[in-house]
Number of protein chains: 2
Amino acid sequence: MKNPEHRVQITKRLLREALTAMLIEKPLSAITVKELCERAQLNRGTFYAHYADVYDLLEQIEAEMAAGFRAALEPILSAAGELRPPAVTKKIFECIEANADLCRVIVGPYGDKEFGRELLRSSKESCLKSCLRFFPSAEPWQIDAYFSFVTGGCYALMECWLREGMKESPERLADAAEKIMEHGIAFLG
Amino acid sequence: MKNPEHRVQITKRLLREALTAMLIEKPLSAITVKELCERAQLNRGTFYAHYADVYDLLEQIEAEMAAGFRAALEPILSAAGELRPPAVTKKIFECIEANADLCRVIVGPYGDKEFGRELLRSSKESCLKSCLRFFPSAEPWQIDAYFSFVTGGCYALMECWLREGMKESPERLADAAEKIMEHGIAFLG
DNA sequence: AAAATAATCGAACACCGTGTTGATTTATGA
DNA sequence: TCATAAATCAACACGGTGTTCGATTATTTT
């Protein structure tokens, strides 16, 4: 006895795959429901049976991605108490490498800016929370500034890495990120 | 004898003001020529006399902004040889503060992602060129990584600063950015 | 294997914004 | 005042949207 919604799942998967594929070459605003359905080999009416418009579809894809990231990071972060920060950073870069296709879409030129910002914002929050107690003497705005800087820096580093074809290993990237965060320009010995 | 294209300039200014105002609350993809012209109190036909579509208008606005940035930064950068890096950074943050309205639109949720990326890319390039010779022992990818990180970090810092209402002075921001770039987490003494 | 169910399809529909055109009105400068 | 150039207005075909049918197909149940 298969899932009675088996066909629906296939339909949704086809639409998601078509949209992510199209987002590699066009911004969402240039993607029409018509073309999307042609690509997915689906009737246009079928699209409207499941989604209100392309933005609705993207939202659901992003929610799924966010859940996927949380699921992938959860074992890493739950073990973070026992691991040293470099190991956590390394695991995160490995996670990005393993999901490079999706990450490229998100971070690439036509990825949703707000989705990236939200990712940044939430990672800044977690870093801030877990590190706040270590810097009792710093002013709040300085702590905020530092974590804005380093999360933005890591994001830019990841973006550059994905764009350039991930020639370096996740280990080296994580190592670089850690060293820059800790010691600044001394990284370039 | 006024400029014979006086009326055209007014029309264009009205359209630019209307678009930048609307970009505070909506993404470009949600802005129609119809609504734009209603807001600018202009006939729709008049818009098409000057621009092909809203993207064309935005491109021209961005080109104007980019020229404005270059003009504002030119005296700073041309004097950079005589100034120490912290002074340059300070002047850049002052420049951002002076043009906060426009910067907020660019960097805000509905600003053009590609425009920001292009700004980042070109500032990374200039930093890279002017600093390359100081690090003969570092591998090329490390230099690339460092400057990706710090330009992305500065961008994120600026974004955060603008979003939070610019409570700190440009001097403090510049000082923070310099210290983080140079010494990393030691900034949070 | 046949019937029942649910999803997809295909076609038609009104709606709205687009981009263009041509005639008309308004403002500017000579 | 007159000539010129720009803004206005109305109308147009076009294309994508979102909806609604009934028909068709695939899956599950009996």
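Labels below follow one simple rule: chain letters A, B, ... track the order of the sequence lines, proteins then strands, and each chain is numbered from 1.
- Taking CE from B/Met181 and CZ from A/Phe187, the interatomic distance works out to 16.0 Å, rounded to the nearest 0.5 Å.
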ask   = Passes side-chain contact (heavy atoms from CB on, under 4.5 Å), A/Gln41 versus A/Leu14? Steps please.
value = CA-CA 8 Å; A/Gln41 307 217 74; A/Leu14 287 172; over 6 Å; no

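- In this pair, A/Phe93 and A/Trp161 present their aromatic rings perpendicular. The plane angle is above 60°, beyond the 30 to 60° band.
- Listed by first and then second residue, the ring pair (Phe, Tyr, Trp, His ring centres under 6.0 Å) pairs involving residues 16-70 of chain A are A/Phe47-A/Tyr51 (not counting sequence neighbours).
- C/dT18 atom P lies 13 Å from atom CG of B/Leu57, rounded to whole Å.
- In this structure, the side chain to side chain contact (heavy atoms under 4.5 Å, CB included) partners of B/Ala138, at least two apart in sequence or on a different chain, are A/Leu188, B/Phe135, B/Gln142, B/Ile143.
- The closest donor-acceptor contact from the side chain of A/Tyr146 to the backbone of B/Ala176 lies at 3.5 Å or more, if one exists at all.
- Spacing between atom NE2 of B/His50 and atom P of C/dT20 amounts to 14 Å, rounded to whole angstrom units.
- With rounding to whole Å, A/Arg7 atom CZ is found 12 Å from C/dA6 atom P.
- Between B/Phe47 atom CZ and C/dT21 atom C1' the separation is 18 Å, expressed in whole Å.
- Near DNA chain D, meaning a heavy atom under 4.0 Å away, the residues from residues 28-39 of chain A are A/Thr32, A/Val33, A/Lys34.
- At the phosphate of C/dT20, neither OP1 nor OP2 sits under 4.0 Å from any side-chain N or O atom of B/Tyr48.
- Summarising the geometry, the separation between CG on B/Asn43 and P on C/dT26 is reported as 14 Å, rounded to the nearest angstrom.
- Between B/Lys90 and B/Glu94 there is a side-chain heavy-atom pair separated by less than 4.5 Å.
- Distances shorter than 4.0 Å separate none of the side-chain N or O atoms of A/Thr46 from OP1 or OP2 on C/dA7.
- If you take CD of A/Gln9 and P of C/dA7, they are 11 Å apart, rounded to a whole angstrom.
- Regarding B/Ile10, its CD1 atom lies at a distance of 14 Å from the C1' atom of C/dT26, rounded to whole Å.
- Comparing B/Asp53 and A/Leu42, the nucleotide of DNA chain C nearest to each residue sits closer to the 5' end for A/Leu42.
- Within the structure, every side-chain polar atom (N or O) of B/His6 is placed at least 4.0 Å from both OP1 and OP2 of D/dA6.
- A donor-acceptor contact under 3.5 Å links the side chain of A/Arg44 to the base of D/dG18.
- Rounded to an integer number of Å, the gap from CD of B/Gln41 to P of D/dT8 is 10 Å.
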